[in-house]
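All remarks here apply to the structure that follows.
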Amino acid sequence: MFALVDCNNFYASCERLFRPDLKHTPIVVLSNNDGCIIARSAEVKALNIKMAQPVFKLRHIIQQHGIVCFSSNYPLYADLSARVMCTLEELACEVEVYSIDEAFLNLKGFEKNIDLNAFALQIKNTVLKNVGLPVCVGIAPTKTLAKLANHGAKMYKATNGVVYLDSPLRIKKLLALVTVDKVWGVGRKISKKLNDIGIYSALDLANANPKHMRKLFSVNIEKTVSELNGTACLALEEVPNTKQQIICSRSFSERVLDYQSMREAICSYTVRAIEKLRLEKQHAKVITISLRTSSLSIHDKQYANSITGKLQIPSDDTRDFTELASQLLTKIWRDGYRYAKAGVMISDFYDQVIHQKDLFEDNTQKTRNPNLMKVLDEINQSGIGKVSFAAEGLQKGWSMRQQFLSPAYTTRWKDLAKVW
DNA sequence: TCTGGGGTCCTAGGACCC
DNA sequence: TCTGGGGTCCTAGGACCC
């Protein structure tokens, strides 16, 4: 048996937690740059405002209904997420943190000893009491079914936020009620293709021939079919896999026109990415940088390009990567475009410092003293101050817009909530 | 004027090996 | 007329997830 615990309207609920005055006010959380809507409170969903809608198109309706906007505040959400996960780990010993707002619990054998309906309620109430965030709980024999049970708990008010699929009959009933695109692993493209061959509900998919589905789609969909029929193919993964790539990319708050600004942006993203690399305790060899104009600005000349470069020896020293990134940028930079976005991707990771050098390669890469990066990270994580690389620039006119940012209530001393 | 960011996995096809 | 079989590695592209 698996449980899936998923926070309701997670980002919106996080913001509301520290603003009890907004308990019944419709609120939304915006993507980076305050561009799109990425989380909505129940009142906003009721207004039929969809996910990922650009906010500038909704100005009118936002004003009309007094919707309160928040820029995304990831330090806050990450901290509250950690609190939710801690609470779950006290309730079950095997927990897989699946995303920032949801986790699978392994409840193998639980059903023999306790009432899982009561347990689901206990999870819901404990998280609400300990952290203050509302969650829904779905329990079922496989992860895919637990996801669907959770979906049911969110969809139907009468469930009180918990659904336990304790019998084949209940499973069948729910499968018949939900459309196939709601199934975990079935996205837009695949559900359209499924519709074309007469598969509309989750039940239709469960009844399909698994081998045929594999042929038509992939091994993943074959597994999904089995999971829908109660055969677990996906195990709980307690230890997170080591990362294979690190991406740092952003849209600019205003279009970038000059080379110098672009270079600063690329270097800043590189600095961030390599910081993350050191947090992962990894070294890497490959960096890809990319830049693009906005395909939505139809009157602009369009240009997009990317380029990949490789160090000779894996490194976690920022200087190696900013140097390489700057060289790469000269090759794909073109004057005369209105750039909207740039990004950096790090890949080809090595977890040991020991590296087999190439006998025939002329090795020119500098050997760096690792202490500098260590000190740098210590200062930047100390909360006392920040140091940065000159290559990142000082003005950063392109850096993202966060007009409605809430305080970091739980992670910064000066932002602590005050109670009068 | 203004439209997010960060990931994973699978497959097909090409190059190559014996 | 008929031209093997089995395998690895890499990359690009596509699909999915939150």
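A, B, ... follow the sequence lines: proteins, then strands. Residue 1 opens every chain. The figures here come from the full heavy-atom set of this structure, side chains too, leaving out hydrogens, waters and symmetry mates.
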Check the pair A:Asp34 / A:Ser71 against side chain to side chain donor-acceptor pair (under 3.5 Å), numbers first and verdict last. CA-CA 6 Å; A:Asp34 297 339; A:Ser71 304; 2.7 Å; yes
What does [X] touch in the nucleic acid at a heavy-atom separation under 4.0 angstrom: a base, only the sugar-phosphate, or nothing?
| X | value |
| --- | --- |
| A:Asp34 | nothing |
| A:Val186 | sugar-phosphate |
| A:Glu254 | nothing |
| A:Lys341 | sugar-phosphate |
| A:Val97 | nothing |
| A:Gln53 | nothing |
| A:Ile246 | sugar-phosphate |
| A:Asn220 | sugar-phosphate |
| A:Ile190 | sugar-phosphate |
| A:Tyr98 | sugar-phosphate |
| A:Lys147 | sugar-phosphate |

Identify, between A:Arg214 and A:Ser297, the residue whose nearest nucleotide on DNA chain B lies closer to the 5' end.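 The answer here is A:Ser297.
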Closer to the 5' end of DNA chain B via nearest nucleotide, is it A:Ser249 or A:Arg255?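 Looking at the nearest nucleotide for each, A:Arg255 comes out on the 5' side.
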Aromatic plane relationship, A:Tyr269 with A:Phe252 - under 30° parallel, 30 to 60° tilted, over 60° perpendicular: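 Taking A:Tyr269 first and then A:Phe252, their aromatic rings lie parallel (interplane angle under 30°).
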For residues A:Phe104 and A:Trp184, establish whether the separation of their ring centroids is below 6.0 Å.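 Yes, the ring of A:Phe104 comes within the 6.0 Å limit of the ring of A:Trp184, centre to centre.
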Expressed in whole Å, how much space separates the P atoms belonging to C:dC18 and B:dT3?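 These two P atoms come out 25 Å apart once rounded.
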First and last nucleotide of DNA chain B touching chain A, 5' to 3', heavy-atom cut-off 4.0 Å?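 Here the contact window of chain A covers B:dC2 to B:dT11.
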Decide whether A:Asn73 and A:Ser406 meet the rule of one side-chain donor and one side-chain acceptor closer than 3.5 Å.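 A donor-acceptor contact under 3.5 Å links the two side chains.
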Salt-bridge test for A:Lys154 and A:Glu102: reply yes if a basic N is under 4.0 Å from a carboxylate O, no otherwise.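 Between A:Glu102 and A:Lys154 there is no salt bridge, as every charged N stays at least 4.0 Å from the carboxylate O atoms.
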Check this for me: A:Lys173, atom NZ, are more than 12 non-hydrogen atoms of other residues, nucleotides or ligands nearer than 6.0 Å?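 For A:Lys173, atom NZ is not crowded (no more than 12 foreign heavy atoms under 6.0 Å).
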From the options A:Phe70, A:Tyr77, A:Tyr409, select the one residue that forms a ring pair (Phe, Tyr, Trp, His ring centres under 6.0 Å) with A:Phe18.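 The ring pair (Phe, Tyr, Trp, His ring centres under 6.0 Å) with A:Phe18 is passed solely by A:Tyr409 among A:Phe70, A:Tyr77, A:Tyr409.
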